[in-house]
Amino acid sequence: MKYTTRQSAILLLSDGTIFHGKSIGISGKTFGEVCFNTGMTGYQEIFTDPSYFGQIMVATNTHIGNYGVNDSEVESDSIKIAGLVCKNFSFNYSRENASGSLEDYFAKQNLICISDVDTRALVSYIRDNGAMNAVICTDGTSIEDLKKELANVPNMEGLELASKVSAKEPYFFGDENATYKISALDLGIKKNILRNLAKRDCYIKVYPFDSTYKDMTEFNPDGYFLSNGPGDPDPLFGAIQVAKEILADNKPLFGICLGHQVIGLANGIETYKMFNGHRGINHPVKNIITGKGEITSQNHGFAVRKEQLENHPELEITHLHLNDGTVAGMRMKNKNCFSVQYHPEASPGPHDSSYLFDQFVENIKSSKV
């Protein structure tokens, strides 16, 4: 194997901390909120997840790129992370059904990556000091200039990002002859959510983030869905209003991640930015209703306030995150509505929570009786 010299690169955090590494060969700089994902596989699904828009992703798995990329293993039409930080970047890959290398995949979309970073030290630092803005620089820009640019990057709190990743026009997914019709509000929807609904005999019409309830009712759906997505839920006034009107009509409603937070806000439950958030495919959750545990896929930096939810007369907690006791799911006592903070459509897995899609379809069935 030919030895190649790679240019030095840095990761500069907003508090002035610097981590050194190497560029994979794509020159430039990129800004975003630095966070980490604890998943050991599924890097392509992570990179294309719209919920990660505006975030610099730190991979805790030591090797990234060793199985290449596959055109079918995407959650959207492009890479959504702002940049990647990893320990070992594999320029060579070995998988029979790979469609190409991760290096070429990044080069085509100009994704800035820094490797050879002490990611264990970096993740420990983020855990202790919280998620914060950062910049990856591979072009030799001075530290002082980077600090000035980084100071102008907006914080994630208060930032509306759904508009950056949502569909521009409505579109359909699934079999038009399916038994059930779903109107889905796209706040950054993942393809595997649509696949899970479609394989349960649902035909989905996906609407842009700024669509109204009236727009979504024109499809004459049997149920409504509010998707995952990036950013702070507080500025999503339109989506919150849509949720209020769906609930007023008591139509079947299911929300995931950002959609879960929107449903909370529609019921007067505040949300808050977490110190670090939950990102990975190994998060333990307890189903309070059944008493069973689930290993889940999660990706969120905001959450609903547990104490407000506990005191709300029309809401109840259905799932709790076992690591920190935060709310992982809720349902309404007087409406046909439930939501979860995590991702039951998990791709590549785990699949402990896929029953939630069946629960949504059952709610639709019962509402039609």
Side-chain angles (χ1 to χ4, degrees), residues 3-38 43 46-47 51-65 78-91 102-161 164 230-232 273-277 279 299 301:
Y3 179 81
T4 57
T5 301
R6 293 194 286 133
Q7 185 171 338
S8 296
I10 66 165
L11 172 73
L12 171 66
L13 305 185
S14 59
D15 67 359
T17 305
I18 298 173
F19 288 84
H20 295 272
K22 298 288 186 181
S23 168
I24 69 164
I26 302 169
S27 181
K29 52 182 177 284
T30 185
F31 300 83
E33 182 185 64
V34 66
C35 59
F36 59 90
N37 186 294
T38 57
Y43 55 71
I46 293 168
F47 301 159
S51 297
Y52 283 122
F53 185 86
Q55 294 180 318
I56 291 173
M57 178 54 55
V58 181
T60 59
N61 190 12
T62 307
H63 297 276
I64 294 295
S78 64
I79 294 174
K80 292 300 189 293
I81 60 171
L84 175 67
V85 182
C86 63
K87 175 61 177 174
N88 299 315
F89 187 92
S90 181
F91 293 88
L102 186 60
E103 178 188 11
D104 290 341
Y105 190 65
F106 280 2
K108 288 176 184 175
Q109 301 188 51
N110 198 35
L111 194 282
I112 307 298
C113 172
I114 179 173
S115 68
D116 296 78
V117 174
D118 185 346
T119 50
R120 291 186 70 178
L122 174 56
V123 169
S124 293
Y125 190 85
I126 298 171
R127 279 182 174 147
D128 291 341
N129 296 277
M132 66 185 78
N133 285 339
V135 55
I136 299 173
C137 179
T138 62
D139 65 6
T141 301
S142 72
I143 299 294
E144 290 308 311
D145 286 343
L146 289 175
K147 286 182 177 179
K148 291 176 184 177
E149 293 184 68
L150 185 54
N152 293 322
V153 176
N155 291 322
M156 193 64 71
E157 193 165 8
L159 200 58
E160 185 279 298
L161 293 177
K164 309 294 185 183
D232 192 333
K273 190 175 188 304
M274 304 172 75
F275 189 63
N276 269 312
R279 298 174 182 90
N299 171 19

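Source: prediction; values computed, not measured.
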Would you mind writing out the side-chain donor-acceptor pairs for residues 21-31 within the sub-3.5 Å range, not counting sequence neighbours?
unit_1 : atom_1 : unit_2 : atom_2 : d
Ser23  : OG     : Gly25  : N      : 2.9
Thr30  : OG1    : Ala82  : O      : 2.7

Q: May I have the step-by-step check of side chain to side chain contact (heavy atoms under 4.5 Å, CB included) for Ser115 and Lys87, ending in yes or no?
A: CA-CA 5 Å; Ser115 68; Lys87 175 61 177 174; over 6 Å; no

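Val85 is not listed as a side-chain neighbour of Phe19, based on a closest heavy-atom distance of 4.5 Å or more. The closest side-chain heavy-atom distance from Thr141 to Val135 is not below 4.5 Å. For the pair Tyr125/Val34, no side-chain contact is recorded, criterion being any heavy-atom separation below 4.5 Å from C-beta on. Residues Phe36 and Leu122 are not in side-chain contact: their nearest non-hydrogen atoms beyond the backbone lie 4.5 Å or more apart. Counting heavy atoms from C-beta on, the side chains of Leu84 and Ile64 come closer than 4.5 Å. Under the 4.5 Å side-chain criterion, counting only non-hydrogen atoms from C-beta, Arg6 is in contact with Phe91.
The side chain to side chain donor-acceptor pair (under 3.5 Å) search around Asn133 returns Asn155, not counting sequence neighbours.
Residues Ser14 and Met132 come closest through the heavy atom pair OG-CB, 3.5 Å. Looking at every heavy atom in both residues, Leu146 comes nearest to Cys137 through CD1-CB, 3.6 Å. Shortest non-hydrogen contact noted between Val123 and Val58 is CG2-CG1, 3.9 Å. Closest approach of Ala134 to Leu11, counting heavy atoms only: CB-CD1, 3.9 Å. Heavy atoms only, all atoms of each residue included: Met156 and Gly54 are closest at CE-O, 4.0 Å.
Residue pairs meeting the side chain to side chain donor-acceptor pair (under 3.5 Å) criterion with at least one member in residues 51-61, sequence neighbours excluded: Glu33-Gln55, Asn37-Tyr52, Asp49-Ser51, Ser51-Asn228.
To the nearest 0.5 angstrom, Leu111 atom CG is 12.5 Å from Glu103 atom CD.
Heavy atoms of other residues, nucleotides or ligands lying less than 6.0 angstrom from NZ of Lys164 number 12 at most.
A donor-acceptor pair under 3.5 Å is absent between the side-chain atoms of Glu157 and the main chain of Asp232, judged by distance alone.
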